[in-house]
2 protein chains.
Amino acid sequence: MKPYLLQTLKELALLGAIRNKIELSSHELAKQLETSQQTASRYLLELDTQQMITRELGVKKQLIQITSIGADLLENAYLSYKQIFDLSTKVAFKGKLISGMGEGKYYTEQKGYADQFKKQLGFVAHPGTFNVEIEYIERNKLRLLRNCGGILINEFQAENRTFGNVVCFKATINGYKGAIVLPKRSHYAIVLECISPYYLREKLGLHDGDEVEVIVYLQ
Amino acid sequence: MKPYLLQTLKELALLGAIRNKIELSSHELAKQLETSQQTASRYLLELDTQQMITRELGVKKQLIQITSIGADLLENAYLSYKQIFDLSTKVAFKGKLISGMGEGKYYTEQKGYADQFKKQLGFVAHPGTFNVEIEYIERNKLRLLRNCGGILINEFQAENRTFGNVVCFKATINGYKGAIVLPKRSHYAIVLECISPYYLREKLGLHDGDEVEVIVYLQ
DNA sequence: ATTACTAAGCAGCGAGTAA
DNA sequence: TTTACTCGCTGCTTAGTAA
């Protein structure tokens with residue numbers, strides 16, 4: 001999607017073209033976009049070709065309406081901005097499934113953790129963790145999790161050692177309910193350890209290396 | 001503001017660059033934007049020149065953070081999208097001040113209207129209307145008002161005639177509290193008639209032809 | 001590995017204009 | 001008035017490459 005076409009679509013939407021047909025000449029659009037009539041005309045042609053708008057050309061003006069394809073594009077852009085500014089809600093991560101070394105199973109089976117998961121998250125975690133290595137480009141986002149509180153799981157003693165504090169966030173993993181688990185200590189993990197009431201590998205039919213989307217709910 | 005720079009800024013913001021410095025190479029950004037490393041590098045230079053981001057170049061990566069100038073730009077874009085999709089809130093109109101023919105004064109001084117304004121809008125309207133001729137390009141938006149209910153002011157009898165139903169919306173006129181008044185009949189008015197507790201011409205120090213912004217609250 | 005320069009090529013812009 | 005074509009020119013893009 002060319003940025004200037006999205007921009008144009010946005011202007012059309014601001015004039016009400018999502019809900020109604022609007023009467024608009026290429027000259028008027030040009031003024032709005034601070035460009036030439038020719039360029040505005042070309043933009044409209046491009047949007048039309050890509051089926052983002054419908055047009056009815058009259059002798060004087062044209063009636064323009066944004067199609068559902070165009071509206072979807074705008075909505076996506078909107079959701080991005082929402083993610084930026086209404087940070088309270090959620091953050092999406094993309095990554096790929098990797099194997100742990102069995103330690104996930106060891107920890108999640110500790111009664112001290114399991115009982116708290118049940119109480120704080122509302123589900124009994126399937127033994128083991130579902131580990132998603134976050135894409136390089138998205139690792140910056142991980143920092144956000146460190147600044148956003150989350151659900152505290154308290155440390156406890158068992159088997160002659162201490163199991164440390166852990167922070168959780170509710171999450172969905174490819175749409176399935178679950179949570180992510182962050183050891184309070186480790187600073188720059190690039191892996192999200194997910195727990196869930198389901199055996200996710202089976203439920204999602206995924207193997208090592210497959211793409212996974214994790215949506216983390218920050219509050 | 002070049003559209004592709006806004007797009008770039010948005011991607012940076014999605015990676016958390018409004019609140020934190022993020023570590024990002026031009027190559028990574030290029031992948032994200034689906035362009036070449038050179039172009040991504042140039043974008044970053046441009047954003048830097050225009051003081052929309054700050055950069056700290058290291059040997060390996062660069063630390064990037066969005067400045068308040070950049071964040072303001074993004075916020076404006078966000079607010080536009082908000083206006084498109086969260087239509088429930090408000091619509092902004094631009095236009096210029098024009099004179100009526102005294103009929104605004106005649107109507108607003110009718111007790112039948114004045115009492116209802118007081119009751120429904122919570123203020124005593126200054127006699128007369130403040131008339132704003134909406135810019136050509138924005139006239140499409142006027143249609144939205146027709147589909148959005150508003151506050152009904154009932155018709156009444158006086159002086160041997162009927163004063164018809166009127167619909168109001170709360171509004172601000174260049175920031176001052178007021179309302180707009182739409183006769184239920186007239187179909188495609190291109191003038192917003194505003195009322196306000198203040199004598200707006202004086203309060204705003206405006207004359208015929210001056211630019212005015214009217215923000216209409218739809219609910 | 002980086003960033004970012006130069007140079008060449010190509011996409012997009014708008015003046016002029018036809019319909 | 002409109003829309004939208006052609007075409008010359010500008011400026012954006014990217015390959016190659018230096019640092």
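Chain letters run A, B, ... following the sequence lines, proteins first, then strands; residues in each count from 1. It should be emphasised that the depicted structure is a prediction, and the values quoted were computed from it without experimental measurement.
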Would you call B:K94 and B:E211 a salt bridge, taking side-chain N to carboxylate O under 4.0 Å as the test?
no
Ignoring backbone atoms, establish whether A:K2 has a side-chain N or O less than 4.0 Å from OP1 or OP2 of C:dG12.
yes
Looking only at side-chain atoms of A:R42, point me to the closest of C:dG12, C:dA4, D:dA4.
C:dG12
Is any side-chain N of the basic residue among A:R201 and A:D210 closer than 4.0 Å to the acidic one's carboxylate O?
no
In whole angstrom, give the distance that lies between atom CG of B:L63 and atom C1' of C:dT2.
13 Å
Inter-end axis angle, the helix from C:dT2-D:dA19 to C:dA19-D:dT2, with every axis fitted to five base pairs (rounded, 10 degrees):
40°
Let's see if you can work this out: which of C:dA4, C:dG14, D:dC5 has an atom nearest to the side-chain heavy atoms of A:T35?
C:dG14
What's the closest nucleotide to the B:S41 side chain, out of C:dG14, D:dC5, C:dA4?
C:dA4
Between P on D:dT3 and CD on A:E56, what's the gap in Å once rounded to a whole number?
14 Å
So, does A:Y43 get its side chain near the phosphate of C:dC13, meaning an N or O under 4.0 Å from OP1 or OP2?
yes
Would you indicate which nucleotide in D:dC12, D:dC5, D:dG16 comes nearest to any side-chain atom of B:Q38?
D:dG16
With a 4.0 Å limit, can you tell me whether B:T39 has a side-chain N or O closer than that to the phosphate oxygens OP1/OP2 of D:dT14?
yes
Given atom CD of A:E28 and atom C1' of D:dT3, what is their separation to the nearest angstrom?
13 Å
Rounded distance in Å - CG (A:L47) to C1' (D:dA4):
15 Å
Do the ring centers of B:Y4 and B:Y43 come within less than 6.0 Å of each other?
yes
Atom CG of B:L44 to atom C1' of D:dC12: distance rounded to whole Å?
16 Å
Let me know the distance between NE2 of B:H27 and P of D:dT17, rounded to the nearest Å.
19 Å
Do A:T54 and A:Q65 have side-chain N/O donor and acceptor atoms under 3.5 Å apart?
no
Under a 4.0 Å threshold between the charged nitrogen and the carboxylate oxygen, would A:K2 count as salt-bridged to A:E46?
yes
What is the distance, rounded to the nearest whole Å, between atom CG of A:L45 and atom C1' of D:dT6?
14 Å
What's the spacing between B:Q32 CD and B:K10 NZ if we round to 0.5 Å?
11.0 Å
Quick check on DNA chain D: between B:E46 and A:Q37, whose nearest nucleotide comes earlier from the 5' end?
A:Q37
Of C:dT3, C:dC13, D:dT3, the nucleotide closest to the side chain of A:S25 is D:dT3
In whole angstrom, what separates A:Y4's OH from C:dA11's C1'?
8 Å
Verify the contact: side-chain N or O of B:R55 to OP1 or OP2 of C:dT2, cut-off strictly under 4.0 Å; return yes or no.
no
Scan A:Y199, A:Y176, A:F117, A:Y198 and name whichever one has a ring pair (Phe, Tyr, Trp, His ring centres under 6.0 Å) with A:H126.
A:Y199
Roughly how far apart are B:L74 CG and B:M52 CE, rounded to 0.5 Å?
9.5 Å
